[in-house]
Amino acid sequence: GHPRDFDNCVYHVFLCGGQFHRSDGTLIGSLERGIKSPDEGTVIFRGDAQNVAWPSDVHLFADGRPCVVYFVQKNSGGLKSADARAGQDHRNRYASWEDGKWHDHEIGHGGSRLYPGEDDYTGNICLDPRHLDAVYLSTNVDPINGLPLMSAADGQRHYEIFRGNTADDGQTWRFNSITQDSTFDNLR
């Protein structure tokens with residue numbers, strides 16, 4: 001469901017030949033039967049009130065293994081949307097299926113909410129579909145240290161686009177700015 005209504009987790013299932021399967025290939029059931037509960041899928045990230053997840057993108061490696069990027073809103077449990085502290089700390093994450101399990105790592109800081117009332121909406125993140133060791137993300141903070149990005153052009157805080165690259169299946173990341181010192185937000 002929408003993360004404003006649930007302490008979302010991230011699950012994975014796949015559909016093949018009219019049948020749903022868990023990440024390891026275990027049969028769940030037919031398309032007609034459907035998925036009865038998210039827990040029938042394979043958990044990638046277990047959310048809670050202080051770590052609410054929302055998936056952003058999924059692609060397959062050439063060998064058919066899935067790769068997922070998503071973000072987690074941190075430390076806003078119990079806060080009302082009108083509270084200025086709500087939705088101020090999003091983290092981007094990268095998960096890939098290998099050796100029969102999900103390898104899940106934090107990429108870096110994803111910034112704050114886009115606006116009050118939708119504390120889970122961020123600048124967002126996506127995979128480069130041709131190079132799954134690369135992501136593009138929009139954030140209004142430095143993805144490494146979480147400090148606000150202030151534009152030299154107008155002195156305001158703006159969302160900027162970064163390309164992130166990993167050489168170790170998501171354990172560590174390098175970032176290059178695609179946009180910087182903008183006078184507007186670069187989003188989604």
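Just so it is clear, the structure is predicted and the values come from calculations on it, not from any experiment.
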Task: Non-neighbouring partners of S182 that pass side chain to side chain contact (heavy atoms under 4.5 Å, CB included), sequence neighbours left out - done: E160, T179, N186
TODO: For D99 and H103, run side chain to side chain donor-acceptor pair (under 3.5 Å): C-alpha distance rounded to whole Å, both residues' side-chain angles, the deciding distance at 0.1 Å, then the answer.
DONE: CA-CA 9 Å; D99 300 326; H103 298 265; 4.7 Å; no
Open item on the list: Assess, by modelled atom type and distance only, whether the side chains of Y70 and N92 contain a donor and an acceptor separated by less than 3.5 Å.
Closed with: no
Task: Same cluster (ILVMFWY, side-chain, under 4.5 Å), L114 and L149 - done: no
Task: Verdict with supporting geometry, S112 and N140, side chain to side chain donor-acceptor pair (under 3.5 Å) - done: CA-CA 7 Å; S112 64; N140 63 354; 2.8 Å; yes
TODO: Please indicate whether R85 has more than 12 foreign heavy atoms, meaning atoms of other residues, nucleotides or ligands, lying under 6.0 Å from its CZ.
DONE: no
Open item on the list: For R130, I'd like to know if atom CZ has over 12 heavy atoms of other residues, nucleotides or ligands within 6.0 Å.
Closed with: no
Task: Ring center gap for F162 and Y136 short of 6.0 angstrom - done: no
Task: Aromatic centroids of W102 and H12 separated by under 6.0 Å - done: yes
Open item on the list: If we count only N and O atoms by modelled type, under 3.5 Å, do the side chains of R113 and Y121 hold a donor and an acceptor together?
Closed with: no
TODO: Taking the six-membered ring for Trp and the single ring otherwise, decide whether the centroids of F14 and H21 are under 6.0 Å apart.
DONE: yes
Task: side chain to side chain donor-acceptor pair (under 3.5 Å) between Y11 and R22, intermediate numbers included - done: CA-CA 9 Å; Y11 297 93; R22 295 176 57 86; over 6 Å; no
Task: Point-to-point distance, once rounded to the nearest 0.5 Å, from CG of D7 to CG of N51 - done: 9.5 Å
Task: Donor-acceptor pair, side chain of S76 and main chain of L79, under 3.5 angstrom - done: no
- [ ] Walk me through it: do R163 and L137 pass the test side-chain contact (heavy atoms from CB on, under 4.5 Å)?
- [x] CA-CA 7 Å; R163 179 184 168 101; L137 58 101; over 6 Å; no
Open item on the list: Counting only heavy atoms not in K36 (residues, nucleotides, ligands), do more than 12 fall under 6.0 Å from its NZ?
Closed with: yes
Open item on the list: Whether the N176 and R174 side chains hold a donor-acceptor pair (N or O, under 3.5 Å, no angle test) is what I'd like checked.
Closed with: no
Open item on the list: Grouping I, L, V, M, F, W and Y whenever their side-chain heavy atoms are under 4.5 Å apart, do W54 and V52 come out in a common cluster?
Closed with: no
TODO: Check the pair I28 / I35 against side-chain contact (heavy atoms from CB on, under 4.5 Å), numbers first and verdict last.
DONE: CA-CA 8 Å; I28 298 170; I35 302 291; 4.1 Å; yes
Task: side chain to side chain contact (heavy atoms under 4.5 Å, CB included) partners for L147, two or more places apart - done: N145
TODO: Give me the ring orientation class for Y94 and W173: parallel if the planes are under 30° apart, tilted from 30 to 60°, perpendicular past 60°.
DONE: perpendicular
Open item on the list: Quiz question: by atom type and distance under 3.5 Å, do the side chains of S138 and N124 form a donor-acceptor pair?
Closed with: no
